[in-house]
Amino acid sequence: MKKTIFALILIAIESFSFEWGDWSGDVRFRYQLENRVDKITTEDESEKTDSLWKNRYRMRVRFGSSVNISEKMSLFFKVTTNDTTFSEFKYSSQIATERFNVQYSLTEKNRIILGVFDNPFVKSTLVMDSWYGVSGFATINEILFSNFLLELKSGVLLSGSISPEHKESLFDGIKNDYPYLFVGRVDLILKYIFFGVGYFHYTTGDFSIINPTLSITTTKWIPFGVIFDGSFNFSKESNNKGGQVVIFFGENKKGGDFLVSGYYRYIELNGTNPIFTDSDFHDNKTNASGFYINLSYSIDKNWLIQGRGWISEDIKGDFKNRNISIQTTISF
């Protein structure tokens, strides 16, 4: 019996063809200047304005690769040093897992993902920072018609995110008995117009979010686009809305390319879950309105220089935030 089991294992292993894919990653250096202004109540119950300036020099290294297990199955992983200061990077050897997943292609346009992967359900930075991933199970199906592409995405998440800060992973979700959460998204892509709507329910707190998006883009002369999207949390009765308008001009694909982009954002206190919001906008808080602008220039297709700035303030309250950063990213 043991010999039979061993023989079956060998046959199963030989049926797979393990092939390493290309390694990829990036190294980023950032100088960040942040000004936080808040009103503080003193011991004698009077108020004073407190203004705090921060100068930070930060560095991050990420790298990952894929393994082709068979023609239809592949494994992907990516690790990161997090966004640390130079001193932390020098003296700390901490490396966190950013992505780890298995993908199985049913057909060329239909695939299943299991593990920790890029978020296929949230297109909007209003609802979730783009670097957050999700852990669980998802299916992505593309239906191509003559004039448009229809994408149907659905899944079950075992935890809300995977990030070095929150220390959540697929396996932690199973161990800690996180509830199963259904998420979904439907996207309709025409030649120059993109329509999308998603539904998300997060593990942390009572947030059931509808996130409609509309994007109008063109590449006929130069890449240009306008994106409108919103957030409505129907689990809360008040302060439960948000929206933003994004404009971009240009792209960063090869040496000499430039990109100018910006947005105006308005997100009420309960408009979305503050754990997953943009980490640079309003000190990672909701109850905020403000502007963002980005100027990017590609020295080479793998070398990018950016200047970015945020100006935001409380919708209800006195907190204000100013954030300026200059960074360069080298990819491989």
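A donor-acceptor distance shorter than 3.5 angstrom exists from the side chain of Asn101 to the backbone of Val116, with no hydrogens or angles considered. Between the side chain of Asn211 and the backbone N or O of Gly230 there is at least one donor-acceptor pair closer than 3.5 Å. Of the possible polar contacts, none joining the Asn35 side chain to the Arg322 backbone as a donor-acceptor pair under 3.5 Å is found. A donor-acceptor contact shorter than 3.5 Å links the side chain of Asp257 to the backbone of Lys254. Between the Asn270 side chain and the Ser238 main chain, a donor and an acceptor come within less than 3.5 Å of each other. Remark: the backbone N or O of Asn110 is paired with a side-chain donor or acceptor of Thr107 at under 3.5 angstrom. Proximity of a side-chain donor or acceptor of Asn68 to a complementary backbone N or O of Ser70 within less than 3.5 Å is not detected. Checked by atom type and distance alone, the side chain of Glu268 pairs as donor or acceptor with a backbone atom of Asn240 at under 3.5 Å.
Considering only heavy atoms from C-beta on, Thr277 comes within 4.5 Å of Thr286 through its side chain. Within the 4.5 Å cutoff, the side chain of Ser124 has heavy atoms near those of the Gln244 side chain. A 4.5 Å side-chain heavy-atom check between Asp118 and Arg99 finds at least one atom pair inside the cut-off. In this structure the side chain of Asn141 never reaches within 4.5 angstrom of the side chain of Glu151, judged on heavy atoms. Side-chain atoms of Phe194 and Asp187, non-hydrogen and from C-beta on, do get closer than 4.5 Å to each other. Side chains of Lys72 and Leu106 form no contact here, defined as non-hydrogen atoms less than 4.5 Å apart. With a 4.5 Å cut-off on side-chain heavy atoms, Phe195 and Val197 do not count as touching.
Using a 3.5 Å distance cut-off with no hydrogens or angles, the side chains of Ser154 and Thr139 do pair a donor with an acceptor. A donor atom on one side chain and an acceptor atom on the other are found under 3.5 Å apart for Glu34 and Asn321. In the model, Trp303 has a side-chain atom that pairs as donor or acceptor with a side-chain atom of Thr328 under 3.5 Å. Donor-acceptor pairing under 3.5 Å is recorded for the side chains of Arg265 and Thr125. Side-chain contact of Asp129 with Ser279: a donor-acceptor pair under 3.5 Å is present, judged by distance alone.
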Quiz prompt | Chi angles and distances behind the side-chain hydrogen bond (donor to acceptor under 3.5 Å, both in side chains) call for His282, Asp314 | solution = CA-CA 8 Å; His282 205 61; Asp314 280 349; 2.7 Å; yes

Quiz item: Is there a side-chain contact (heavy atoms from CB on, under 4.5 Å) between Arg308 and Arg30 once you walk through the steps?
Solution: CA-CA 11 Å; Arg308 308 181 304 164; Arg30 173 189 290 177; 2.8 Å; yes

Exercise. Assess whether side-chain contact (heavy atoms from CB on, under 4.5 Å) is satisfied between Ile299 and Ile305, documenting all intermediate values.
Key: CA-CA 7 Å; Ile299 297 178; Ile305 294 180; 3.2 Å; yes

Practice problem: Under the side-chain contact (heavy atoms from CB on, under 4.5 Å) rule, what do Arg62 and Val79 come out as? Steps first, then yes or no, please. | Solution: CA-CA 6 Å; Arg62 301 188 302 181; Val79 296; over 6 Å; no

Practice problem: List the steps, then state whether ring-ring contact (aromatic ring centres under 6.0 Å, His included) holds for Trp310 with Phe281. | Solution: CA-CA 6 Å; Trp310 292 261; Phe281 180 78; 8.2 Å; no

Quiz prompt | Full working for side-chain contact (heavy atoms from CB on, under 4.5 Å) between Ile267 and Leu126 | solution = CA-CA 8 Å; Ile267 184 71; Leu126 172 73; 4.1 Å; yes

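Between Trp23 and Phe77, the ring planes are perpendicular. Angles over 60° get that label, and only those under 30° would be called parallel. In this structure, Phe258 and Phe249 have tilted ring planes: the angle between them lies in the 30° to 60° band.
Contact detail for Phe76 and Ser65: the closest heavy-atom pair is CD1-O, 3.3 Å. Smallest separation of non-hydrogen atoms from Gly271 and Ser231: O-OG, 2.6 Å. Nearest heavy-atom pair across Ser331 and Asp26 is OG-CB, 4.0 Å. Between Ser215 and Thr217, the shortest heavy-atom distance links the atoms OG-CG2, 3.4 Å. Of all the heavy atoms in Ser296 and Asn252, the pair that sits closest is CB-OD1, 3.2 Å. Of all non-hydrogen atoms in Lys153 and Pro120, the two that sit nearest each other are CD-O, 3.1 Å.
Note that CG of Leu214 and CD1 of Ile227 are 9.5 Å apart. Values are rounded to the nearest 0.5 Å. Separation of atoms CG (Asn287) and CG (Asn239) is listed at 7.5 Å; rounding is to 0.5 Å. The distance from atom CD1 of Ile324 to atom CD1 of Ile311, rounded to the nearest 0.5 Å, is 7.5 Å. The CD1 atom of Ile193 sits 6.0 Å away from the CG atom of Leu190 when rounded to the nearest 0.5 Å. A distance of 9.5 Å separates OG1 in Thr81 from CZ in Arg28, rounded to the nearest 0.5 Å. One finds the CZ atom of Phe137 at 9.5 Å from the CD1 atom of Ile113 (value rounded to the nearest 0.5 Å).
Summarising the local packing, CG of Asn55 is surrounded by more than 12 heavy atoms from other residues, nucleotides or ligands at distances under 6.0 Å.
In the hydrophobic clustering of this structure, Ile143 groups with Val186; members are Ile, Leu, Val, Met, Phe, Trp, Tyr whose side-chain heavy atoms approach within less than 4.5 Å, directly or through other members. Linking ILVMFWY side-chain heavy atoms closer than 4.5 Å, directly or via other members, places Phe224 and Leu259 in two distinct hydrophobic clusters. Clustering ILVMFWY residues whenever any of their side-chain heavy atoms sit less than 4.5 angstrom apart, transitively, puts Leu304 in a cluster other than the one holding Phe332. With hydrophobic clusters built from ILVMFWY side chains whose heavy atoms lie under 4.5 angstrom apart, Ile112 shares a cluster with Leu75. Ile326 and Tyr57 sit in two unconnected hydrophobic clusters of ILVMFWY residues. Membership requires side-chain heavy atoms under 4.5 Å apart, directly or through other members.
Residue Tyr263 forms a side-chain contact (heavy atoms from CB on, under 4.5 Å) with just one option from Ile293, Asn294, Asp278, and that option is Asp278.
Geometric assessment of Lys285 against the ring of Phe319 yields a positive cation-pi assignment under the 6.0 Å and 45° thresholds.
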